[in-house]
Structure formats: C-alpha cells, structure tokens
**Q** 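This is the structure I want to talk about, given as structure tokens.
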Amino acid sequence: MPITCKSQCGNRAALKRPKTGDALCKECFFAAFEAEIHHTISSSNLFRRGEKVAVAASGGKDSTVLAHVLKLLNERHDYGLELVLLSIDEGITGYRDDSLETVKQNRDDYQMPLKILSYEELYGWTMDRIVAQIGRSNNCTFCGVFRRQALDRGAKLLGVDSIATGHNADDIAETVLMNVLRGDTARLRRCTDIRTGGGEDSIPRVKPLKYSYEKEIVMYAHYKKLVYFSTECVFSPNAYRGHARAFLKDLEKVRPVVIMDIIYSGEQLRFKDTVKKPVRGICSRCSFVSSQQPCKACVLLEGLNRGLPKLGIGKKSKGDRMIAKQNQELALRERANLVKNDF
C-alpha cells in the first residue's frame with residue numbers, strides 16, 4: 001500500500017528523512033530542509049542586511065547546496081545579502097582541477113561572481129609538490145592549514161563581511177569525536193560554534209548547514225538535480241578524520257539521532273577556568289590571525305622552503321631542534337668553503 005506524505009499534503013511519500021524518520025514527498029522535503037536552514041540562519045543571527053558574504057565553494061555537494069539554498073533564501077526572505085563565490089585551488093591534479101569546472105558551472109547557474117585563489121600564487125607550492133616532499137601521512141595537515149588561511153586571504157581581497165562554509169552536522173560531530181580522542185581542548189571549545197572568528201583582525205565564518213545531515217544534503221542535491229563534484233580527494237584516504245567518520249557511521253546505524261546528540265553534547269561542554277586557553281593574536285610574519293607565533297601556515301611554509309617538510313609537524317621544540325641542526329650544518333659548510341677558498 002502506498003505511503004502518503006506525513007505533512008498531509010495528499011501526495012505519495014517519495015523518501016524517508018534520515019534526520020527525523022518522516023516519510024515525505026519531494027516538495028515537502030524541500031520545504032522542510034530549506035525552512036530548517038532559514039531557522040538556523042535567523043535564530044543565530046548569522047547575517048545582517050547589506051552584508052557581503054563569500055560562499056566557500058569547492059564544487060562538492062555541501063558547497064553547491066549551500067550556494068543554491070543561500071541564493072534561494074536570500075531572495076525568498078529578503079536577507080539583503082550580496083553573495084559571491086570564493087574557491088581555493090590546492091593544486092591536486094585529477095581532483096581540484098576537475099572540481100573547479102563544477103564551481104564555474106555554479107557561478108553561471110546562480111549568477112554569482114567567482115574568485116579563485118591557488119596555493120601556487122599564495123605560497124609558491126601545490127599540494128602535488130608538497131605530497132612529493134612530505135608523503136601521504138601528514139599531507140592533510142598542510143592542506144587544512146593552508147586552506148584555512150587561503151580563505152582568509154581571499155575574503156580580505158574580496159572585502160566580505162563573513163565567509164559561509166558548507167560544514168554539515170556530520171562534519172561537526174566528527175570533529176567533536178576527533179578532538180575528544182586527541183584531547184584537544186582548545187579546538188573542542190569552538191568546534192561546535194556556528195560562528196567563529198570575527199573581531200577587528202579577522203573575518204567571521206558561519207555554518208548555515210550546521211544542523212543539516214549529510215544524507216539529506218545528498219538527497220536534496222539529487223532531487224533538485226544540482227550539479228556537483230562527488231569524487232573524493234586522492235590524498236584523503238589516510239586522513240585521521242576517516243576513522244572518526246567510520247565510527248560515526250557505525251553509531252548512526254544503531255541510533256540515527258546520534259549525530260545531533262554529539263553536537264548538542266559538544267555545545268554543552270564546559271571547562272574549568274584553570275584550563276589554559278589559546279590566545280588569538282596576529283602572526284608577526286603574515287599578519288593573519290593565529291594563536292601561536294609564528295602562525296602554523298608560516299612554520300609549515302618555512303619547513304618546505306628550507307627543505308625540512310616535517311618542521312611544522314609535532315611539537316615546536318622538535319622544530320626548533322631541526323632548525324638549529326640545519327643552521328649548524330650550513331655554518332660548518334660555509335666555514336669549509338672559506339677554508340677551501342684560502343687555498
């Protein structure tokens with residue numbers, strides 16, 4: 001017997017929402033999905049009228065749905081926003097070059113200006129070259145750090161008021177699990193925040209899809225026939241996040257609401273005042289926001305340029321020893337050359 005839509009619109013149900021278990025027709029699913037994102041935006045005061053907002057666009061399902069829904073809600077509810085697309089080219093052959101074509105299609109479909117910045121022009125390196133130096137064990141560290149700063153650089157160039165990222169509920173739950181497993185209290189404090197950064201020296205980032213399930217984002221993109229890039233990064237299979245993702249999927253099979261449970265738990269976490277908090281400041285080298293001196297991006301870049309790709313991996317003291325050793329070797333080599341020239 002056909003199942004009717006739970007919203008009592010009279011239509012046959014076409015899907016079952018992973019988040020709530022409700023059987024809905026496509027139109028009612030679209031309405032519910034969009035209404036929830038609008039509620040997230042309005043209840044959290046993510047935007048103000050007249051603001052210029054950069055949508056971090058990768059060409060994947062999350063950023064494509066985010067761009068589509070923000071444009072739709074901006075017109076439907078008269079947010080009064082100026083939306084632009086900001087994309088980062090990490091220089092990954094066979095992955096990012098193809099996904100950027102999808103981003104350009106998004107630009108044409110949604111009539112939004114597009115700005116593309118590359119690691120090559122910002123740092124003088126591509127991820128292909130970095131992986132050739134570091135291998136596949138710590139490559140995601142480089143990419144993540146450089147990408148976060150590249151978004152800040154792009155946002156500053158565009159003169160935007162905020163950056164909207166496509167982080168969904170699954171992403172945030174995974175991050176909570178990762179930070180618990182690593183004992184990373186600094187990141188655990190802010191990983192569930194719907195708005196991060198801001199202030200005089202940084203541009204805030206917001207997560208309109210914070211409470212949207214990944215499965216529902218895929219369903220929305222599928223039924224709306226949105227164009228997105230679905231290939232996984234060729235360098236990501238060894239990423240630490242993959243273990244947290246696999247664990248979360250196993251939990252979700254047993255208890256579908258576990259994703260929201262983890263997010264709510266992360267939001268309620270409190271720390272004693274005696275726990276040391278990182279102090280956000282400005283990097284003395286690049287002048288971008290950082291909680292250390294110099295910032296992680298500058299340390300990683302210095303390591304690459306020095307021929308010490310593992311300089312920024314691990315504790316700072318280890319990196320200091322590596323630099324001291326290299327400086328000592330250079331000094332000995334220079335002294336040897338001076339002696340040789342005397343003869």
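All heavy atoms count here, side chains included; hydrogens, waters and symmetry mates do not. Here the structure is a predicted model, which is why all the values come from computation and not from measurement.
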**Q** Minimum heavy-atom separation for Pro113 and Leu83, please, with both atom names.
**A**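 Where Pro113 meets Leu83 most closely, the heavy atoms are CD-O, 3.6 Å.
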**Q** Check this for me: Lys71, atom NZ, are more than 12 non-hydrogen atoms of other residues, nucleotides or ligands nearer than 6.0 Å?
**A**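 Enclosed.
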**Q** Give the cluster check for Leu73 versus Val206: same hydrophobic cluster or not, with ILVMFWY residues linked at side-chain heavy-atom distances below 4.5 Å.
**A**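 Same cluster.
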**Q** Quick test of your reading of the model: are Arg17 and Glu36 salt-bridged, counting only N-O distances below 4.0 Å?
**A**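 A salt bridge is present here (some side-chain N lies under 4.0 Å from a carboxylate O).
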**Q** Would the distance check show the side chain of Glu34 and the main-chain N or O of Val69 forming a donor-acceptor pair, the cut-off being under 3.5 Å?
**A**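 A pair under 3.5 Å: no.
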**Q** Measuring from atom SG of Cys140 to atom OH of Tyr240, what distance do you get when rounded to the nearest 0.5 angstrom?
**A**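 Separation between the atoms: 13.5 Å.
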**Q** Assess whether atom CZ of Arg129 is packed by more than 12 heavy atoms of other residues, nucleotides or ligands within 6.0 Å.
**A**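 More than 12 within 6.0 Å, yes.
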**Q** If you measure from the Lys or Arg side-chain nitrogens to the Asp or Glu carboxylate oxygens, is any gap between Glu214 and Lys249 under 4.0 Å?
**A**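 Yes.
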**Q** Go through the steps for Lys6 and Asp22 under the test salt bridge (Lys or Arg N to Asp or Glu O under 4.0 Å), then give the verdict.
**A** CA-CA 7 Å; Lys6 187 175 181 180; Asp22 294 340; 3.0 Å; yes
**Q** What distance separates Ser118 OG from Tyr123 OH, expressed to the nearest 0.5 Å?
**A**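 Ser118 OG to Tyr123 OH: 10.5 Å, rounded to 0.5 Å.
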**Q** Under 3.5 Å, is there a donor on one side chain and an acceptor on the other for Tyr79 and Glu51?
**A**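 Side-chain D/A pair, Tyr79 to Glu51: absent.
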**Q** Within 45° of the six-membered ring axis of Phe33 and under 6.0 Å from that ring's centre, is NZ or CZ of Lys19 located there?
**A**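 No, Lys19 and Phe33 do not form such a contact.
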**Q** Hey, mind stepping through Leu100 and Ile116 against side-chain contact (heavy atoms from CB on, under 4.5 Å) and telling me if it holds?
**A** CA-CA 9 Å; Leu100 285 176; Ile116 300 175; 4.3 Å; yes
**Q** With side chains defined as the heavy atoms from C-beta onward, is the minimum distance between Leu114 and Ser87 less than 4.5 Å?
**A**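 Side chain of Leu114 against side chain of Ser87, heavy atoms only: contact under 4.5 Å found.
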**Q** Does this structure show an ion pair linking Arg255 with Asp261, if we count only N-O contacts that are shorter than 4.0 Å?
**A**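 Looking at Arg255 and Asp261, the cut-off is met.
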**Q** Any donor-acceptor pair under 3.5 Å linking the side chain of Asp184 with the backbone of Arg187?
**A**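 Checked: pair present.
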**Q** Might you point out which heavy atoms bring Leu86 and Ala155 nearest each other, and give the distance in Å?
**A**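 Scanning both residues completely, I find the closest heavy atoms to be CD2-N, 3.7 Å.
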**Q** For Ser162 and Ile203, which heavy atoms make the closest approach, and how far apart are they?
**A**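 The pair with the smallest heavy-atom distance is CA-CG2, 3.7 Å.
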**Q** Do Arg48 and Asp161 sit within salt-bridge range, that is, some charged N less than 4.0 Å from a carboxylate O?
**A**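 No.
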**Q** Got more than 12 heavy atoms from elsewhere within 6.0 Å of NE2, His39?
**A**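 Check fails, neighbour count at 12 or below.
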**Q** Using only heavy-atom distances, determine whether the side chains of Arg96 and Ser58 contain a donor-acceptor pair under 3.5 Å.
**A**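 Checked: Arg96/Ser58 side chains show no N/O donor-acceptor pair below 3.5 Å.
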**Q** Take a 6.0 Å sphere around CD of Gln8 and say whether it holds more than 12 heavy atoms from other residues, nucleotides or ligands.
**A**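 Counting neighbours around CD of Gln8, 12 or fewer heavy atoms of other residues, nucleotides or ligands fall under 6.0 Å, so no.
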**Q** In terms of side-chain heavy atoms, does Ser212 have a donor or acceptor partner in Asn168 at a distance below 3.5 Å?
**A**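 Checked: Ser212/Asn168 side chains show no N/O donor-acceptor pair below 3.5 Å.
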**Q** Hey, could you give me the CG/CD1 distance between Leu46 and Ile194, rounded to the nearest 0.5 Å?
**A**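 It is 4.5 Å, given to the nearest 0.5 Å.
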**Q** Between Ile172 and Ile37, is there shared hydrophobic-cluster membership here, with clusters defined by ILVMFWY side-chain heavy atoms closer than 4.5 Å?
**A**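 Different hydrophobic clusters.
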**Q** Please examine the side chains of Ile92 and Asp128, heavy atoms only from C-beta on, and report whether any two atoms are closer than 4.5 Å.
**A**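 In contact.
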**Q** Is it true that Arg49 and Asp78 make a salt bridge, defined as a side-chain N closer than 4.0 Å to a carboxylate O?
**A**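 Looking at Arg49 and Asp78, the cut-off is met.
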**Q** Going through the checks in order, is the side-chain contact (heavy atoms from CB on, under 4.5 Å) test met by Arg107 and Met112?
**A** CA-CA 5 Å; Arg107 172 198 62 193; Met112 293 183 191; 5.7 Å; no
**Q** So Leu157 and Leu117, do their side chains get closer than 4.5 Å, heavy atoms only?
**A**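 Yes, side chains in contact.
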**Q** Does some side-chain heavy atom of Thr126 sit less than 4.5 Å from a side-chain heavy atom of Glu90?
**A**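 Of all side-chain heavy-atom pairs linking Thr126 with Glu90, none is under 4.5 Å.
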**Q** For the OG1 atom of Thr64 and the OH atom of Tyr220, what is their distance to the nearest 0.5 Å?
**A**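 Interatomic distance, Thr64 OG1 to Tyr220 OH, rounded to 0.5 Å: 12.0 Å.
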**Q** Does the side-chain contact (heavy atoms from CB on, under 4.5 Å) test come out yes or no for Tyr228 and Asn106, once each step is laid out?
**A** CA-CA 8 Å; Tyr228 67 92; Asn106 293 159; over 6 Å; no
**Q** Would you say Val218 and Phe229 are hydrophobically clustered, going by side-chain heavy atoms of ILVMFWY under 4.5 Å?
**A**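 In one cluster with Val218: Phe229, no.
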**Q** Minimum heavy-atom separation for Gly91 to Asp89, with atom names?
**A**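 Closest heavy-atom pair between Gly91 and Asp89: N-OD1, 3.0 Å.
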**Q** Taking the side chain as everything from C-beta on, heavy atoms only, tell me whether Val160 gets closer than 4.5 Å to Val84.
**A**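 Val160 reaches Val84 side chain to side chain.
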**Q** Look up atom CG in Leu24 and atom CZ in Phe29, then write down how far apart they are to the nearest 0.5 Å.
**A**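 Here the interatomic distance stands at 8.0 Å.
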**Q** Can you tell me if NZ on Lys52 sees more than 12 non-hydrogen neighbours from other groups inside 6.0 Å?
**A**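 For Lys52, atom NZ is crowded (more than 12 foreign heavy atoms under 6.0 Å).
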**Q** With a 4.0 Å cut-off on N to O distance, would you call Arg190 and Asp193 a salt bridge?
**A**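 No, no charged N to carboxylate O under 4.0 Å.
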**Q** With side chains defined as the heavy atoms from C-beta onward, is the minimum distance between Glu27 and Cys9 less than 4.5 Å?
**A**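 No, their side chains stay 4.5 Å or more apart.
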**Q** So, Asn139 versus Arg136: side-chain donor-acceptor pair below 3.5 Å or not?
**A**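 Asn139 vs Arg136: no donor-acceptor pair found between side chains.
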**Q** Hey, is the main chain of Thr175 close enough, under 3.5 Å, to the side chain of Asn179 for a donor-acceptor pair?
**A**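 Yes; judged by distance alone, with no hydrogens or angles, the pair exists.
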**Q** Could you pull out all residues at least two apart from Thr4 that satisfy side-chain contact (heavy atoms from CB on, under 4.5 Å)?
**A**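 Residues passing side-chain contact (heavy atoms from CB on, under 4.5 Å) with Thr4: none at all.
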**Q** Where do His167 and Lys210 land on the side-chain contact (heavy atoms from CB on, under 4.5 Å) test, with the steps shown first?
**A** CA-CA 6 Å; His167 291 94; Lys210 177 183 175 180; over 6 Å; no
**Q** State whether the side chain of Tyr119 and the backbone N or O of Cys143 hold a donor-acceptor pair below 3.5 Å, judged by distance alone.
**A**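 Between the backbone of Cys143 and the side chain of Tyr119 there is a qualifying donor-acceptor contact (under 3.5 Å).
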**Q** For Lys215 and Asp170, run salt bridge (Lys or Arg N to Asp or Glu O under 4.0 Å): C-alpha distance rounded to whole Å, both residues' side-chain angles, the deciding distance at 0.1 Å, then the answer.
**A** CA-CA 9 Å; Lys215 289 179 181 177; Asp170 297 56; over 6 Å; no
**Q** Apply the hydrophobic cluster definition, ILVMFWY joined by side-chain contacts under 4.5 Å directly or through others, and give me every member besides Val289.
**A**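 Taking Ile, Leu, Val, Met, Phe, Trp and Tyr as members, Val289 shares its hydrophobic cluster with Ile282.
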**Q** Do the side chain of Asn305 and the main chain of Leu301 share a donor and acceptor less than 3.5 angstrom apart?
**A**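 Yes, the answer is positive, given that a donor and an acceptor are paired below the 3.5 Å cut-off.
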**Q** Could you pull out the closest heavy-atom pair between Ala164 and Leu70, with the gap in Å?
**A**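 Closest heavy-atom pair between Ala164 and Leu70: CB-CD1, 4.0 Å.
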**Q** Please check: side-chain N/O of Arg280 versus main-chain N/O of Gln292, any donor-acceptor pairing under 3.5 Å?
**A**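 No: the side chain of Arg280 does not pair with the backbone of Gln292.
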**Q** To the closest 0.5 Å, what do you measure between NZ (Lys296) and CZ (Phe146)?
**A**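 The CZ atom of Phe146 is 10.5 Å from NZ of Lys296, to the nearest 0.5 Å.
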**Q** For Glu267 and Thr192, which I'm curious about, is there any donor-acceptor pair between the side chains at under 3.5 Å?
**A**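 There is no such pair (donor and acceptor under 3.5 Å, judged by atom type) between the side chains of Glu267 and Thr192.
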**Q** Can you find a heavy atom in the side chain of Cys191 that is under 4.5 Å from one in the side chain of Leu188?
**A**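 Heavy-atom side-chain distance check passes, below 4.5 Å.
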**Q** Is there side-chain contact between Phe30 and Lys224, with heavy atoms separated by less than 4.5 Å?
**A**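 In short, these two side chains touch, coming nearer than 4.5 Å.
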**Q** If Ile, Leu, Val, Met, Phe, Trp and Tyr residues are connected whenever their side-chain heavy atoms lie under 4.5 Å apart, and connections chain through other members, are Tyr95 and Ile134 in the same group?
**A**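 Yes, one cluster joins them.
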**Q** Please check if Val53 and Leu158 belong to a single hydrophobic cluster, counting links between Ile, Leu, Val, Met, Phe, Trp and Tyr side chain heavy atoms closer than 4.5 Å.
**A**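 Cluster IDs for Val53 and Leu158 differ.
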**Q** Please give me the minimum heavy-atom distance between Pro208 and Phe47, naming the atom from each residue.
**A**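 In this case the closest contact between Pro208 and Phe47 is CG-CZ, 4.3 Å.
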